[in-house]
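Below, chain A is the first sequence line, B the second, and so on; all start at residue 1. Keep in mind it's a predicted model, so treat the numbers as computed, not measured.
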There are 2 protein chains.
Amino acid sequence: MQYPLKDPIKRWSDSIPAPCAACGVRDSVFCSVLSDQELQRLSSFAFNVSQDAREIIFSEGDSADHLFNVTEGLVKLYKLLPDGREQITGFLFSGDFLGIAMNDTYAYSAEAITPVRLCRFNRKDLEGMFQQTPHLETRMLNMASNELAQAQDQILLLGRKTAKERLCSFLLSLSQRSERRGDSATVIPIPMGREAIADYLGLTTETVSRTFSKLKKENSILVSKGGIVEVPDLELLATLAEDSS
Amino acid sequence: MQYPLKDPIKRWSDSIPAPCAACGVRDSVFCSVLSDQELQRLSSFAFNVSQDAREIIFSEGDSADHLFNVTEGLVKLYKLLPDGREQITGFLFSGDFLGIAMNDTYAYSAEAITPVRLCRFNRKDLEGMFQQTPHLETRMLNMASNELAQAQDQILLLGRKTAKERLCSFLLSLSQRSERRGDSATVIPIPMGREAIADYLGLTTETVSRTFSKLKKENSILVSKGGIVEVPDLELLATLAEDSS
DNA sequence: ATTGGAAATTGATTTGCATCAAGGAAACGG
DNA sequence: CCGTTTCCTTGATGCAAATCAATTTCCAAT
């Protein structure tokens with residue numbers, strides 16, 4: 001599966017300064033709380049980098065020297081067991097912030113699923129900025145709280161939900177994300193492959209595929225070309241996400 | 001199963017002022033960053049409350065008006081599905097902070113497993129204190145990061161580990177907690193019942209029990225009266241926690 | 001000590017999902 | 001446009017954990 005950028009620009013060969021003022025995601029959760037002046041300070045230590053699909057951004061255990069904003073593309077966060085079993089802990093879309101859950105080292109690995117562009121911050125610089133910009137730290141704490149709430153939803157999903165409930169929950173969360181971005185809540189592009197979905201939901205590709213088929217057959221969803229799912233009844237989907245009946 | 005307090009003091013009939021200076025957990029992760037003066041300010045809006053075993057501290061969806069420090073006892077955090085399936089997202093011991101993952105409402109329910117004592121803070125007051133005490137907010141962010149890293153470990157566990165790996169991971173985390181508190185890393189009291197362990201590990205009580213039996217039979221652990229587990233080889237346990245072989 | 005009730009263990013059976021194994025359908029490069 | 005590759009789907013079978021069903025053990029109160 002190939003994921004070309006819409007605008008197949010030459011890859012930024014190395015990091016280049018990031019003009020935040022002109023950034024496509026300057027209204028992202030992370031940057032939106034900053035004034036123009038603060039944004040300018042942020043620019044001073046922000047660099048754009050790009051990576052191809054399947055490139056690793058960082059690995060679990062690496063020294064956590066950088067934080068990122070995803071400005072374009074799709075990123076997976078994941079953990080591995082020694083024998084290769086993989087669990088994806090989250091997907092990041094453009095506008096999402098990368099690097100909340102870490103101490104000295106990253107607690108998980110991050111890999112580009114599609115080609116991505118990232119805005120990279122030096123960690124020390126960013127933490128230094130917290131001193132003069134406490135509301136940025138407040139925002140970070142807020143983001144961390146939200147992430148934690150999401151993580152707990154995922155814990156419930158993995159610990160107690162059936163395959164069907166898991167997939168419906170997943171589709172529902174994509175729908176909500178789509179809606180938040182101003183797109184349709186009922187016509188949902190699925191930008192990741194079956195294996196990634198499986199590794200996120202604690203299932204296998206086969207089970208994900210079979211469950212998609214079941215949902216299609218019972219008309220809970222409609223799948224068209226390019227991996228676009230249409231949900232005729234969001235209420236129904238929400239019910240199925242909690243009660244596989 | 002009854003969980004009496006060692007010191008079966010009368011229950012604090014209602015909330016009473018909390019003298020932080022004399023608090024048994026004043027060196028907890030949360031309070032330890034505060035100076036005596038700051039601790040005094042904290043005291044001004046901190047109240048001690050106590051609850052019996054099985055009492056609910058708050059429920060998912062309740063308006064999140066209070067944050068807590070657990071000063072004594074054991075608390076479970078959990079989420080429920082409509083049909084009653086339960087997933088425990090975490091256990092809190094004395095010294096642990098309760099209330100990080102929430103926005104306007106609590107993202108999970110909290111219930112006392114043993115009788116507990118809590119130090120209760122009004123949320124607005126605490127957030128107000130962040131203004132004058134930014135390092136307290138920094139500490140909160142740190143705690144949130146740690147929680148998030150832990151949540152992701154649990155996601156890996158629930159999504160990809162076998163029953164045996166889950167139980168070994170759990171025992172290992174109890175061992176580490178025990179060690180951090182200055183107790184033995186190899187002689188581990190298990191203060192919660194089989195059902196709570198099952199609801200935490202995404203299993204059933206029967207499977208937890210069977211898996212305990214297997215670990216006993218192969219001499220990976222030793223179980224003595226009062227639910228105390230002895231681990232002769234922590235290295236081995238760590239291996240079993242990632243690779244059920 | 002005795003007893004009653006809750007919790008834990010163990011056994012028998014079922015089941016949902018994983019695993020193994022082919023086909024079939026898109027997507028890409030030439 | 002065609003061939004190659006990769007991804008997706010579907011089918012057959014196996015297995016780890018759930019479910020159903022008794023005991024047995026552990027405690028706390030008498």
ask   = Base, sugar-phosphate alone, or nothing: which one does B/Gly227 contact when heavy atoms must sit under 4.0 Å apart?
value = nothing
request  = Return the value, rounded to whole Å, for the distance between atom CZ of A/Arg54 and atom P of C/dC28.
outcome  = 12 Å
task = Calculate the interatomic distance between A/Lys216 atom NZ and D/dC8 atom P; express it in whole Å.
result = 11 Å
Test of ring centre spacing under 6.0 Å for A/Tyr200 and A/Phe170 = yes
Any donor-acceptor pair under 3.5 Å from A/Gln87 side chain to A/Asp199 backbone = yes
note = As a check of understanding: the bend across the helix from C/dA1-D/dT30 to C/dA22-D/dT9, end axes from five pairs, rounded to 10 degrees, works out to 50°
query = B/Thr204 side chain N/O closer than 4.0 Å to the phosphate oxygens (OP1, OP2) of D/dA17?
reply = no
Whole-Å distance separating the CD1 atom of A/Ile197 from the C1' atom of D/dT9 = 14 Å
message = On the six-membered ring of B/Phe91, is B/Arg177 placed so that its NZ or CZ lies under 6.0 angstrom from the centre and within 45° of the ring axis?
response = no
key: From C/dA26, D/dT19, C/dC17, nucleotide with atom closest to A/Lys225 side chain   = C/dA26
query = Centroid-to-centroid, A/Phe68 to A/Phe97, below 6.0 Å?
reply = no
request  = Look at A/Ser213 and D/dT10 and indicate whether a side-chain polar atom (N or O) is within less than 4.0 Å of OP1 or OP2.
outcome  = yes
task = Decide yes or no, distance alone: a donor-acceptor N/O pair under 3.5 angstrom between the base of C/dG16 and the side-chain of A/Arg210.
result = no
task = Using modelled atom types only, decide if a donor and an acceptor are shared between the side chain of B/Asp233 and the backbone of B/Glu235 within a distance under 3.5 Å.
result = yes
ask   = In whole Å, what is the span from the CD atom of A/Gln87 to the C1' atom of C/dA18?
value = 15 Å
request  = For A/Thr207 and for A/Gly226, find the nucleotide of DNA chain C with the closest heavy atom, then tell me which residue's nucleotide is more 5'.
outcome  = A/Thr207
key: Rounded distance (Å) that lies between atom C1' of D/dT19 and atom CG of B/Leu203   = 14 Å
remark   = From CE of B/Met192 across to P of C/dA8 the rounded distance in Å is 12 Å
inquiry  = Would you say B/Lys161 and B/Ser169 are linked by a side-chain donor-acceptor pair, where the criterion is simply a distance under 3.5 Å?
reply    = yes
ask   = Within the structure, does a side-chain N or O atom of B/Ser209 lie under 4.0 Å from either OP1 or OP2 of C/dA8?
value = no
key: A/Glu206 (side chain) and C/dC20 (base): donor-acceptor pair under 3.5 Å   = yes
task = Starting from the 5' end of DNA chain D, give me the residue, A/Thr205 or A/Arg160, whose nearest nucleotide shows up first.
result = A/Thr205
message = Whole angstroms only, please: what is the NZ-P distance between B/Lys214 and C/dT10?
response = 12 Å
query = With a 3.5 Å cut-off and just heavy-atom distances, do the side chain of B/Arg194 and the base of C/dT10 make a donor-acceptor pair?
reply = no
query = Between B/Glu206 and B/Ser209, is any side-chain donor less than 3.5 angstrom from a side-chain acceptor?
reply = no
ask   = Taking 4.0 angstrom as the limit, do B/Glu60 and B/Lys79 come out as a salt bridge?
value = yes
ask   = Taking atom C1' of C/dC17 as reference, at what distance in whole Å does atom CZ of A/Arg166 sit?
value = 9 Å
